[in-house]
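Below is one structure, written out as structure tokens, with a few remarks after it.
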Amino acid sequence: MPLNPERASCHPASADRALVRGLLRWLANNARPFPWRTAPPGRRDPYVVLVSEVMLQQTQASRVAVLLPRFLDRFPSIEALAAASEDEVLALWSGLGYYRRARMLHAAARACLVQYEGRIPTDPEALQGLPGIGRYTGGAIASLAFGLPEPLVDGNVARVLLRLEGRPGVAGSPEVTRWSWKRAAELVQAAPNSAPAFNEALMELGATICTPAPRAPQCDVCPLRAGCKARQTGQSVSIPAPQPSKSLRRIYATTIVLVLSGNRTVIEQRPARGLWASLWQAPTLEHERRHCTKQEAAAALHLEAGSLHPGPAYTHRTTHREICFQVWKARVRPGHLAACLRTVVRADQLGDFGLSSAQRRILDSVLG
DNA sequence: AAGCCGGGGCT
DNA sequence: AGCCCAGGCTT
């Protein structure tokens with residue numbers, strides 16, 4: 001008689017408790033110091049947990065470690081964030097990518113003011129009702145800030161759990177997601193009082209020891225190596241299976257950096273939807289198949305073709321786009337600017353605007 | 001269920 | 001240079 005798969009994956013609570021204990025011992029000596037880890041897990045400032053966890057979505061911790069302090073310095077409280085303009089929030093998010101997160105975080109701060117008297121709710125259901133907060137981020141706030149025994153599963157946790165179990169599956173697939181949350185909930189139930197530290201330990205182990213391909217996991221120093229099925233069967237590297245590759249779209253972008261007296265330049269705002277939505281940039285023309293010609297670029301800005309001088313060229317890659325930038329540079333007098341080019345800023349004011357990394361790099365290189 | 005949204009680090 | 005990682009929302 002075949003085993004019921006649900007029964008076959010059942011774990012004795014005593015084994016789960018031992019696993020939790022092992023991880024907690026390991027975390028005590030191996031947690032990396034990060035700006036959002038200023039208090040023990042379960043007793044952190046909910047606002048700092050909210051901001052850092054939204055930043056950490058799809059973003060490496062080392063990157064967040066650099067940019068979080070600047071953000072918290074400017075917006076030290078949920079009231080300060082709610083009172084800010086969206087433009088300024090985007091400026092402080094510049095360089096982090098996935099800029100919709102910044103808008104939703106801003107909206108979440110305002111929602112907390114309106115609905116919860118400026119407090120961040122403790123209930124996971126209420127948390128998930130806030131913009132930009134899903135199952136993972138809601139669990140992280142409930143657990144790491146409020147100390148509740150809530151499970152949480154991010155990419156690191158899913159990978160660790162899959163390898164422990166020797167369970168194949170494609171990262172991020174619905175089936176893997178379902179199973180990971182169920183397993184994480186079982187483990188949290190095995191030691192509800194230690195849930196926050198346990199959650200953090202699982203994520204930290206995944207980030208530093210049980211690393212994703214192509215980095216080889218450091219199984220020889222893993223606190224869970226004795227009970228890891230993937231290690232026993234030599235499958236650590238092949239679990240989880242890679243996601244099917246996505247198609248890459250190429251875009252040809254022609255950017256014209258206008259230089260005015262006093263080291264000033266002209267910027268424009270991108271459309272509210274799509275790539276780099278609502279962010280600022282030097283005037284840019286985008287095409288599907290080729291760069292526009294020097295004449296086309298000059299005509300679009302009502303300049304003489306002779307006033308354009310070649311600048312740097314480089315390719316900017318994102319997950320599913322390749323943007324080939326061709327840069328032109330033109331010195332112009334303020335009185336000769338076309339009407340559509342009305343936002344003139346000093347080079348040293350560009351930090352006050354939300355710019356993509358690509359535009360930041362272009363403007364920095366041309367304006368010095 | 002599938003597609004959209006950046007950026008940086010690894011080998 | 002090429003390949004990889006990862007939440008939440010929208011459609």
Side-chain angles (χ1 to χ4, degrees), chain A residues 49-68 90 93-108 111 124 127-141 151-160 162 169-178 180-181 184 202-203 206-208 210-218 237-251 253 270-279 281 314-325 354-362:
Chain A
V49 175
L50 166 66
V51 174
S52 60
E53 287 300 339
V54 172
M55 283 190 178
L56 285 161
Q57 293 169 5
Q58 309 282 292
T59 304
Q60 291 177 347
S62 59
R63 193 84 193 122
V64 176
V66 171
L67 294 168
L68 177 70
L90 283 172
W93 202 266
S94 189
L96 274 170
Y98 286 126
Y99 294 90
R100 194 169 54 165
R101 292 183 297 170
R103 278 193 206 86
M104 291 192 293
L105 175 62
H106 187 220
L127 284 165
Q128 285 181 55
L130 293 170
I133 299 185
R135 201 173 175 187
Y136 163 76
T137 309
I141 297 171
L152 62 82
V153 175
D154 69 351
N156 288 318
V157 172
R159 184 175 58 256
V160 171
L162 286 171
V170 175
S173 68
E175 204 275 329
V176 161
T177 302
R178 250 196 320 276
S180 304
W181 279 95
L202 264 187
M203 294 192 286
T208 60
C210 196
T211 51
R215 285 176 65 193
Q218 303 173 50
V237 184
S238 55
I239 295 177
Q243 295 174 4
S245 65
K246 301 139 198 146
S247 66
L248 195 71
R249 262 179 63 196
R250 181 170 284 120
I251 297 171
R270 293 180 61 86
R273 297 177 70 90
L275 182 70
W276 296 317
S278 298
L279 267 60
Q281 63 183 8
Y314 84 98
T315 301
H316 184 89
R317 284 182 197 79
T318 76
T319 302
H320 37 281
R321 262 187 261 250
E322 187 174 81
I323 305 111
C324 303
F325 280 96
L355 298 177
S356 66
S357 289
Q359 286 288 326
R360 184 86 61 198
R361 176 171 164 181
I362 289 170

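Nearest nucleotide to the side chain of A/Ser357, out of C/dC9, B/dG7, C/dC4: B/dG7. Residue A/Pro214 has its side chain nearest to B/dT11 when only C/dG8, C/dC5, B/dT11 are considered. Taking every side-chain heavy atom of A/Tyr98 into account, B/dC5 is the closest of C/dC5, B/dC5, B/dT11. When distances are taken from the side chain of A/Pro174 to each of C/dC5, B/dA1, C/dG8, the shortest belongs to B/dA1. Side-chain proximity of A/Met104 to the nucleotides B/dC4, C/dC4, C/dC9 is greatest for C/dC9. The nucleotide whose nearest atom lies closest to any side-chain atom of A/Thr319 is, among C/dG7, B/dT11, B/dG7, B/dG7.
For the contact set between residues 54-66 of chain A and DNA chain B, defined by any heavy atom under 4.0 Å, the members are A/Gln58, A/Thr59, A/Gln60, A/Arg63.
Per the geometry, OH belonging to A/Tyr99 stands 20 Å off P belonging to B/dC4, to the nearest Å. Regarding A/Leu248, its CG atom lies at a distance of 14 Å from the C1' atom of B/dG7, rounded to whole Å. Nucleotide B/dG8 holds its P atom 17 Å from the CZ atom of A/Arg321, rounded to whole Å. The distance between atom CH2 of A/Trp276 and atom C1' of B/dC4, rounded to the nearest whole Å, is 15 Å. Summarising the geometry, the separation between CH2 on A/Trp181 and C1' on C/dG7 is reported as 10 Å, rounded to the nearest angstrom.
Contact annotation for A/Arg103: no contact, since no heavy-atom pair falls under 4.0 Å across all strands. Among the atoms of the strands shown, only primed sugar atoms or phosphate atoms (P, OP1, OP2) are found under 4.0 Å from some heavy atom of A/Arg135. Using a 4.0 Å heavy-atom cutoff across all strands shown, A/Pro131 reaches sugar-phosphate atoms only and no base atom. Nucleic acid contact for A/Tyr136: sugar-phosphate only, since backbone atoms but no base atoms lie under 4.0 Å from a heavy atom of the residue. Residue-level contact check: A/Arg273 touches the backbone only, with heavy atoms under 4.0 Å from sugar-phosphate atoms and none from bases. The residue A/His320 sits close to a base: some heavy atom pair falls under 4.0 Å.
Residues A/Arg270 and A/Ser356 have side chains that never bring a donor and an acceptor to within less than 3.5 angstrom of each other. Side-chain polar atoms of A/Gln57 and A/Tyr136 form no donor-acceptor pair below 3.5 angstrom. In this structure, a donor-acceptor pair under 3.5 Å is present between the side chains of A/Arg360 and A/Ser94.
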